[in-house]
2 protein chains.
Amino acid sequence: MSKQASIPVTDTNAASCCPPLAVQALSPADAADIAPLFKALSDPVRLRLMSMIASIDEACVCDLTGAFDVSAPTISHHLKVLREAGLIVGDRRATWVYYRADPDALRRLAALLQVHPD
Amino acid sequence: MSKQASIPVTDTNAASCCPPLAVQALSPADAADIAPLFKALSDPVRLRLMSMIASIDEACVCDLTGAFDVSAPTISHHLKVLREAGLIVGDRRATWVYYRADPDALRRLAALLQVHPD
DNA sequence: TTGCTGTTTCGATGTTTGTCGAATCAGCTC
DNA sequence: GAGCTGATTCGACAAACATCGAAACAGCAA
């Protein structure tokens, strides 16, 4: 707890890492770290879940489930994928679970895809 | 005023469509259109291919193949996925094929993920 | 034409993934 | 406690996917 001033180092964490794709090629390791984030957004149900959560402060699973044609376990599975990718965080309050987007995770991905306006 | 003066141009096209995720939730149809773009970037090999192509004007397949531990047919397959997603375009010149990134496709994706700086 | 090289397509294969119903867990209210 | 509702985990299964080697294609050069 004393040494705080020094380097943030490791940063094994995904996608805070790199200059935009269009600026510098990714290392194999960075690509392996970041790909799961895109994979999390690569399913239509998950992508829409992500947008529903990100576009409001907080989304109750109870509201999300009804918006899709898939079962509640499936929604729960997709939320878990988004959660494990670090794109959303969940919070149980009483009977209900609320999800919230991590704006920084989205921002990092957006930055990665940025292209100078040319 | 539902009728715009002129045609809003079908825009069946992917991802030129929507406000950022964090602004408005995607429709099921839009999510289905856009998810394939993220899926194209969801494999580590493809993501790195994309970055190698986007970070230089033009990339020769002959140079790309050697940078990975997978076979030439596999690289070709991944390039096809990126191409069919509209992220890159290929151009055969003599014996060699060169790929080039579509900056607009990247920009649209980046815009979709954008979050206002808090 | 016959070769040679770079690239793509074809088939096959083992793995991953999206989905479900059933079971389980979490937390409320009788 | 018992019972109820919301959410997750478990186990199973079909579909999709990444990968390979072999074959085919494209285009040059003897």
Side-chain angles (χ1 to χ4, degrees), chain A residues 26 28-29 31-53 58-101, chain B residues 26 28-29 31-53 56 58-100:
Chain A
L26 292 169
D33 284 345
I34 299 172
L37 290 173
F38 287 118
K39 176 164 290 183
L41 298 175
S42 73
D43 179 88
V45 172
R46 278 202 298 273
L47 182 56
R48 194 152 76 95
L49 276 172
M50 185 71 213
S51 75
M52 293 173 75
I53 296 169
E58 206 171 48
C60 178
V61 173
C62 59
D63 292 327
L64 296 173
T65 303
F68 296 84
D69 282 339
V70 298
S71 67
T74 297
I75 294 295
S76 193
H77 160 71
H78 285 311
L79 290 170
K80 183 181 188 180
V81 173
L82 290 170
R83 195 185 338 124
E84 290 180 340
L87 290 167
I88 60 175
V89 292
D91 175 30
R92 166 155 240 147
R93 286 205 297 278
T95 307
W96 298 277
V97 175
Y98 298 87
Y99 278 97
R100 183 180 288 273
Chain B
L26 292 169
D33 284 346
I34 300 172
L37 291 174
F38 287 118
K39 177 163 287 180
L41 298 175
S42 73
D43 178 89
V45 172
R46 277 202 299 271
L47 182 57
R48 194 150 76 95
L49 276 172
M50 186 70 214
S51 74
M52 293 172 75
I53 296 169
I56 59 178
E58 205 170 50
C60 179
V61 174
C62 60
D63 292 328
L64 297 173
T65 303
F68 295 84
D69 283 339
V70 299
S71 67
T74 298
I75 294 295
S76 191
H77 160 72
H78 285 311
L79 290 171
K80 183 181 188 180
V81 172
L82 290 170
R83 193 184 341 121
E84 289 180 340
L87 291 167
I88 60 176
V89 292
D91 175 29
R92 167 155 238 147
R93 288 204 295 280
T95 307
W96 298 278
V97 175
Y98 298 87
Y99 279 97
R100 182 180 288 273

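Per chain, numbering begins at 1; letters A, B, ... match sequence-line order.
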Given atom OH of B:Tyr99 and atom C1' of C:dG6, what is their separation to the nearest angstrom?
-> 12 Å
Please determine which of A:Leu49, A:Leu79, A:Leu87 meets the side-chain contact (heavy atoms from CB on, under 4.5 Å) test together with A:Tyr99.
-> A:Leu79
For the student: nearest non-hydrogen atoms of A:Ala32 and B:Pro44, plus distance = CA-CB, 4.1 Å
B:Ile34 CD1 to A:Leu47 CG distance, which is reported to the nearest 0.5 Å | 6.0 Å
Please work out which residues in residues 59-68 of chain B have a non-hydrogen atom less than 4.0 Å from an atom of DNA chain C and list them by number.
-> B:Cys60, B:Val61, B:Cys62
Whole-Å distance, A:Glu84 CD to D:dT8 P, equals 12 Å
Listed once per pair and sorted, the side-chain hydrogen bond (donor to acceptor under 3.5 Å, both in side chains) pairs that draw on residues 85-95 of chain A, sequence neighbours left out | A:Glu58-A:Arg93, A:Asp91-A:Arg93
Name every donor-acceptor pair, under 3.5 Å, that has one atom in a side chain of residues 70-78 of chain A and the other anywhere in the protein, sequence neighbours excluded.
residue	atom	partner	partner atom	Å
A:Ser71	OG	A:Thr74	N	3.4
A:Ser71	OG	A:Thr74	OG1	3.1
A:His78	ND1	A:Arg46	NH1	3.1

Within the distance-only criterion (no hydrogens, no angle test), does the side chain of B:Ser42 pair as donor or acceptor with the backbone N or O of A:Ser42 below 3.5 angstrom?
-> no
Tell me which residues in residues 69-81 of chain B put a heavy atom below 4.0 Å from DNA chain D, sorted by number, or none.
-> B:Asp69, B:Val70, B:Ser71, B:Pro73, B:Thr74, B:His77, B:His78
Residue pair B:Ile53 / B:Ala59: nearest heavy atoms and the distance that separates them | CG1-CB, 3.9 Å
Hey, is the side chain of B:Lys39 poking within less than 4.0 Å of OP1 or OP2 on C:dT17, counting only N and O atoms?
-> no
Distance-minimising heavy-atom pair for B:Ala67 and B:Arg48 | O-NH2, 2.8 Å
Looking only at heavy atoms, the pair that brings A:Ala40 and A:Leu82 closest together is O-CD2, 3.6 Å
Within a strict 4.5 Å, meaning less than it, do heavy atoms of the B:Thr65 and B:Val61 side chains meet?
-> yes
Does anything in residues 41-50 of chain A reach DNA chain D, meaning a heavy atom under 4.0 Å, and if so which residues?
-> none
Write down the distance between OH (A:Tyr98) and P (D:dT8), rounded to a whole number of angstrom.
-> 13 Å
Quick one, give me the B/S/- string for nucleotides 25-30 of chain C, reading 5' to 3', where B means a protein heavy atom under 4.0 Å from the base and S means that only happens at the primed atoms, P, OP1 or OP2.
-> -SSS--
Working to the nearest 0.5 Å, report the span between CG of A:Asp63 and CE of A:Met52.
-> 8.0 Å
Rounded to the nearest 0.5 Å, what separation is found between the CG atom of A:Asp43 and the CZ atom of B:Phe38?
-> 12.5 Å
